[in-house]
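I have placed the structure first, in the form of structure tokens, so that the comments after it can refer back to it.
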Protein chains: 2
Amino acid sequence: MQDVLRGHLEKIIPLTDEEFAFIEPHFLLRKYKKHQFLIQEGMPVKYVYFVVSGLLKLVHTDDSGKQQIISFALEDWWESDYQAFYTQSEATFSLDCVEDSTVLCLSLESYQTLCASLPKMEHFFLEKANRGYMALQRRLLALMTTQAQERYEQLLKQHPALVQRVPKTLLASYLGVSRETLSRFSA
Amino acid sequence: MQDVLRGHLEKIIPLTDEEFAFIEPHFLLRKYKKHQFLIQEGMPVKYVYFVVSGLLKLVHTDDSGKQQIISFALEDWWESDYQAFYTQSEATFSLDCVEDSTVLCLSLESYQTLCASLPKMEHFFLEKANRGYMALQRRLLALMTTQAQERYEQLLKQHPALVQRVPKTLLASYLGVSRETLSRFSA
DNA sequence: GCTTTCAAGTGATGTAGATCACATTCAGGC
DNA sequence: GCCTGAATGTGATCTACATCACTTGAAAGC
């Protein structure tokens with residue numbers, strides 16, 4: 001199971017067996033069922049999660065109770081309420097399972113230990129953060145410039161698997177469009 | 001002038017004089033006039049920029065020629081077309097001066113040298129990347145959930161100085177709203 | 001000083017997409 | 001096998017905001 005993690009890390013930083021032997025015990029393997037929460041709004045955030053299998057959604061609930069999907073986390077993705085995680089404060093997002101999922105949990109302490117003792121790991125996280133930043137920038141731009149229907153079509157192209165796995169209601173929320181409007185696009 | 005840089009770095013990582021003496025020569029000081037371009041769409045991106053003084057805007061131009069402001073870069077901000085910078089490919093954004101500006105330029109080679117030889121620097125950039133990511137996430141959320149007028153009011157609260165310094169037309173583009181609509185809010 | 005350009009306000013009209021309301025189909029729990 | 005709730009489709013109406021068209025005022029260039 002941890003092989004997945006090693007493969008994932010080694011896409012960016014090659015590791016010796018000793019190094020991986022040092023890294024691996026910092027992660028905690030956990031399984032969650034569909035609809036279970038990994039993070040709940042208002043609660044402390046203990047971990048950042050690496051998705052081994054399954055599918056999570058990161059959600060924000062506004063004052064009027066409406067839910068917005070900030071992002072989906074598929075296999076091989078890292079997810080958390082980073083703000084709350086890094087500052088060890090209360091979650092403003094919730095993270096829960098769209099499907100039964102297996103994740104690896106990394107505590108802030110372990111995260112810091114890994115970064116401090118293995119520059120490679122810090123490099124790995126920097127790389128991930130940068131890519132995440134660039135991806136968000138593109139998403140922001142798309143949200144500002146592109147019509148809802150085109151955004152949907154681009155999602156279909158770029159993540160056809162995701163569209164298959166996720167109810168349209170959730171896709172709509174992710175795309176920033178109402179359920180009804182999204183439904184009218186399929187035609 | 002480089003004092004500004006040292007102060008900025010030391011907000012996150014304390015440095016010895018020797019360390020800073022090693023870091024500093026990697027930066028190139030440059031001055032630009034209002035309307036001058038640091039990065040032009042279609043051209044290679046040589047540097048990431050640290051703004052010592054002045055104000056820059058990162059802009060995307062779509063097929064129909066319309067401009068969207070991805071972000072502003074005030075004093076103490078880092079900016080570039082990161083995608084193009086890291087992959088040493090052609091810019092899809094342009095970066096130009098809203099006001100006369102002084103910047104420090106860091107090449108990819110120097111960036112990599114700094115990260116490789118000083119783990120502190122890698123840590124610094126990781127910290128910056130993470131904060132940038134979280135800020136973008138909040139902006140994305142605001143764009144999806146909040147009305148244009150409220151977004152404007154929040155900008156007024158959070159960056160009153162920016163609103164003073166920047167023509168409304170540019171603010172509108174940054175907020176993802178038309179010039180005319182923004183104008184009707186002031187009343 | 002004059003002209004040209006840029007920033008900004010404002011009315012009239014158009015439209016993407018929200019919201020509300022209801023029908024239908026489908027999967028799961030017991 | 002029945003019942004309940006989720007997921008989806010679809011019509012009618014409403015609204016935030018875009019777009020177009022024009023005016024005014026102020027700054028910049030020569």
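These figures come from a predicted structure and were not determined experimentally. Residue numbering restarts at 1 for every chain, and letters A, B, ... go by the order of the sequence lines.
Nucleotide D:dA28 holds its C1' atom 14 Å from the CG atom of B:Asp100, rounded to whole Å. Look at CG on A:Leu143: it is 14 Å from C1' on C:dA16, rounded to the nearest Å. Rounded to whole Å, the distance from CD on B:Gln149 to C1' on D:dC17 is 12 Å. The distance from atom NZ of B:Lys168 to atom C1' of D:dA27 is 17 Å, rounded to the nearest whole Å. For the pair A:Leu170 CG and D:dT8 P, the computed distance is 8 Å after rounding to whole Å. Here the P atom of nucleotide C:dA7 and the NE2 atom of B:His35 are 7 Å apart, to the nearest Å. Rounded to a whole Å, the CG atom of B:Leu182 is 14 Å from the C1' atom of C:dT10. The separation between B:Arg151 atom CZ and D:dC17 atom C1' is 10 Å, rounded to whole Å.
Side-chain atoms of A:Val177 lie closest to C:dA18 of the nucleotides D:dA18, C:dA18, D:dT19. The nucleotide whose nearest atom lies closest to any side-chain atom of A:Arg184 is, among C:dG17, D:dA12, D:dT8, D:dA12. Comparing C:dA8, D:dC17, D:dG9 by their closest approach to the side chain of B:Gln147 singles out D:dC17. Comparing atom distances between the A:Ala148 side chain and each of D:dA12, C:dG17, C:dA8 picks out C:dG17 as nearest. Closest contact between the side chain of A:Glu180 and the listed nucleotides C:dG9, D:dT19, C:dA21 involves C:dA21.
Among the heavy atoms of the strands lying under 4.0 Å from A:Thr169 are primed sugar atoms or P, OP1, OP2 only; no base atom is included. Nucleic acid contact class of A:Lys66 (heavy atoms, under 4.0 Å, all strands): sugar-phosphate only.
Applying the 3.5 Å distance criterion, the base of C:dG17 shares no donor-acceptor pair with the side chain of A:Arg179.
Judged by distance alone, the side chains of B:Thr61 and B:Glu41 do bring a donor and an acceptor atom under 3.5 Å apart. Side-chain atoms of B:Ser71 and B:Glu79 form a donor-acceptor pair, as typed in the model, at a separation below 3.5 Å. No hydrogens or angles considered: nothing links the side chains of A:Thr146 and A:Gln154 as a donor-acceptor pair under 3.5 Å.
For the pair A:Thr181 and C:dA18, the criterion of a side-chain N or O lying under 4.0 Å from OP1 or OP2 is met.
Judged by distance alone, the side chain of B:Glu19 and the main-chain N or O of B:Thr16 form a donor-acceptor pair under 3.5 Å. Under the 3.5 Å distance criterion, the side-chain polar atoms of A:Thr87 are matched with a main-chain donor or acceptor of A:Gln83.
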